[in-house]
Amino acid sequence: MATRLVPSTFSAPLHSLASRSSMAMVGLVSCSPKTLTPFSLTKSINFISLSTTRKPLTKSLQVRSVSTPAEGVTVFDDMVSGTKRKYYMLGGKGGVGKTSCAASLAVKFANSGHPTLVVSTDPAHSLSDSFAQDLTGGTLVPVEGPESPLFALEINPEKAREEFRSATQKNGGTGVQDFMNGMGLGMLADQLGELKLGELLETPPPGLDEAMAISKVIQFLESQEYNMFTRIVFDTAPTGHTLRLLSLPDFLDASIGKILKLRQKIASATSAIKSVFGQEETRMDAADKLEKLRERMVKVRELFRDTDSTEFVIVTIPTVMAVSESSRLRASLKKEHVPVKRLIVNQILPPSASDCKFCAMKRKDQSRALDMIRDDTELSSLELIQAPLVDVEIRGVPALKFLGDIIWK
Ligand SMILES: Nc1ncnc2c1ncn2[C@@H]1O[C@H](COP(=O)(O)OP(=O)(O)OP(=O)(O)O)[C@@H](O)[C@H]1O
């Protein structure tokens, strides 16, 4: 059952040895013409260190990062240093491994001493599946296992949508129009009508759910109760949602902003009427709510753009389609001034001395996609993080720790 965060819940229990030992079965895919064999954990780690210290076996593993961290500073050193709060947004095409990468990063931060919160704003949550723990309920739930506190939060986008509806219903729906017609303010009603608010309310702008979810997280993280969290990892919704989320404040400025401009006129007119008839005026509350909503959306965009505290990490897989989409994502993020430094290429086939036909084909495809990254104007400047395809589903803290130790080095 979901547990609400209180300071006393912060001593998350460590794993039992039994659950740690289950890591031994997690391994990289080993391809031989006959079988796909799970490696032992020791063998997997050997592979990882080999792949960084020896000449890679295949071209697919030769992709170099064009921009590398300063001498002696690893990718993770850079991410883990400092106690000032940092936000990491992981995003990319659906199904590429955003959740697995986000969850493994959160585990790694927590194991490195950072009280960490991992948040899913993807309407199709899979954090619970990834941690193999029930994290539903919209509250902070302690994740069992890591050495420092790790909490997870799956935000219900439906609730955010409802909040938007209730904030706008009174202000922009037919209620306002009737109200203003009744008050002889037909002209203002017409202006509101032009804004097509009915449509806006029926189909809230794409990206709104996620923006609301993120803004809620920002809101409660500002409170003293939660200020011990020094790393916040967001598992965001697939690419399209994220891009729409970033353009949302402009959209809201254009539509809701106009309503708010009318607010003053309506306020003065209605207060005059109120003074005559003594009517209770509640509609301005809705305008206040709208203004707050807009402020929150702007805050979300500011957070995404803050180079000091935020980094957007693009996750992709080595396929032409995923790389093309990642390139477009990077271009859009650049346009929105969202800082991106790293690109994770997930599910790379590990080297093998003897590929089966299927794997040989796959490897060729992956190699082509990796070449594409190297030649892509948007992606080639990013620091490249390669994550191998492993042969079991990554579920639970021990498996996430294993994956995190491979990816975040
Ligand atoms: N490196 C990997 N090796 C093997 N399997 C992986 C790897 N990374 C992710 N997977 C698996 O791929 C599937 C999708 O991963 P995940 O849920 O992390 O992707 P996602 O991008 O968050 O998906 P969605 O867009 O649907 O939220 C899961 O079954 C996960 O275990």
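Residues take their numbers from the sequence shown, with the count starting at 1. FYI, side chains are in, hydrogens and waters are out, and symmetry mates aren't considered; it's all heavy atoms of this structure. Whatever order the structure lists ligands and atoms in, that order sets their numbers, starting from 1.
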How far apart are the C-alpha atoms of T99 and S130, what are their side-chain angles, what is the distance that settles it, and do they pass the side-chain hydrogen bond (donor to acceptor under 3.5 Å, both in side chains) test?
CA-CA 7 Å; T99 306; S130 188; over 6 Å; no
Suppose we screen for salt bridge (Lys or Arg N to Asp or Glu O under 4.0 Å). Which residues come up paired with K362, at least two apart in sequence or across chains?
none
Test of understanding: with salt bridge (Lys or Arg N to Asp or Glu O under 4.0 Å), list the residues that count as partners of K334, not counting sequence neighbours.
E378
When rounded to the nearest 0.5 angstrom, what is the spacing between CZ in R330 and CD in E325?
16.0 Å
Which N or O atoms of ligand 1 sit under 3.5 Å from a protein N or O, and how far apart is each pair?
{"unit_1": "ligand 1", "atom_1": "1 (N)", "unit_2": "N346", "atom_2": "OD1", "d": "2.9"}
{"unit_1": "ligand 1", "atom_1": "1 (N)", "unit_2": "P388", "atom_2": "O", "d": "2.9"}
{"unit_1": "ligand 1", "atom_1": "3 (N)", "unit_2": "V390", "atom_2": "N", "d": "2.9"}
{"unit_1": "ligand 1", "atom_1": "8 (N)", "unit_2": "N346", "atom_2": "ND2", "d": "2.9"}
{"unit_1": "ligand 1", "atom_1": "18 (O)", "unit_2": "T99", "atom_2": "N", "d": "3.4"}
{"unit_1": "ligand 1", "atom_1": "18 (O)", "unit_2": "S100", "atom_2": "N", "d": "2.8"}
{"unit_1": "ligand 1", "atom_1": "18 (O)", "unit_2": "S100", "atom_2": "OG", "d": "2.7"}
{"unit_1": "ligand 1", "atom_1": "19 (O)", "unit_2": "G97", "atom_2": "N", "d": "3.1"}
{"unit_1": "ligand 1", "atom_1": "21 (O)", "unit_2": "G95", "atom_2": "N", "d": "3.3"}
{"unit_1": "ligand 1", "atom_1": "21 (O)", "unit_2": "V96", "atom_2": "N", "d": "3.1"}
{"unit_1": "ligand 1", "atom_1": "21 (O)", "unit_2": "G97", "atom_2": "N", "d": "2.9"}
{"unit_1": "ligand 1", "atom_1": "21 (O)", "unit_2": "K98", "atom_2": "N", "d": "2.9"}
{"unit_1": "ligand 1", "atom_1": "21 (O)", "unit_2": "K98", "atom_2": "NZ", "d": "3.0"}
{"unit_1": "ligand 1", "atom_1": "22 (O)", "unit_2": "K98", "atom_2": "N", "d": "3.4"}
{"unit_1": "ligand 1", "atom_1": "22 (O)", "unit_2": "T99", "atom_2": "N", "d": "2.8"}
{"unit_1": "ligand 1", "atom_1": "22 (O)", "unit_2": "T99", "atom_2": "OG1", "d": "2.6"}
{"unit_1": "ligand 1", "atom_1": "23 (O)", "unit_2": "G95", "atom_2": "N", "d": "3.2"}
{"unit_1": "ligand 1", "atom_1": "25 (O)", "unit_2": "G95", "atom_2": "N", "d": "2.9"}
{"unit_1": "ligand 1", "atom_1": "25 (O)", "unit_2": "K98", "atom_2": "NZ", "d": "2.8"}
{"unit_1": "ligand 1", "atom_1": "27 (O)", "unit_2": "D122", "atom_2": "OD2", "d": "3.0"}
{"unit_1": "ligand 1", "atom_1": "29 (O)", "unit_2": "E393", "atom_2": "OE2", "d": "3.0"}

As an exercise, state the distance from CZ of F229 to CG of L140, rounded to the nearest 0.5 Å.
5.0 Å
Partner set under salt bridge (Lys or Arg N to Asp or Glu O under 4.0 Å) for D365, not counting sequence neighbours:
R368
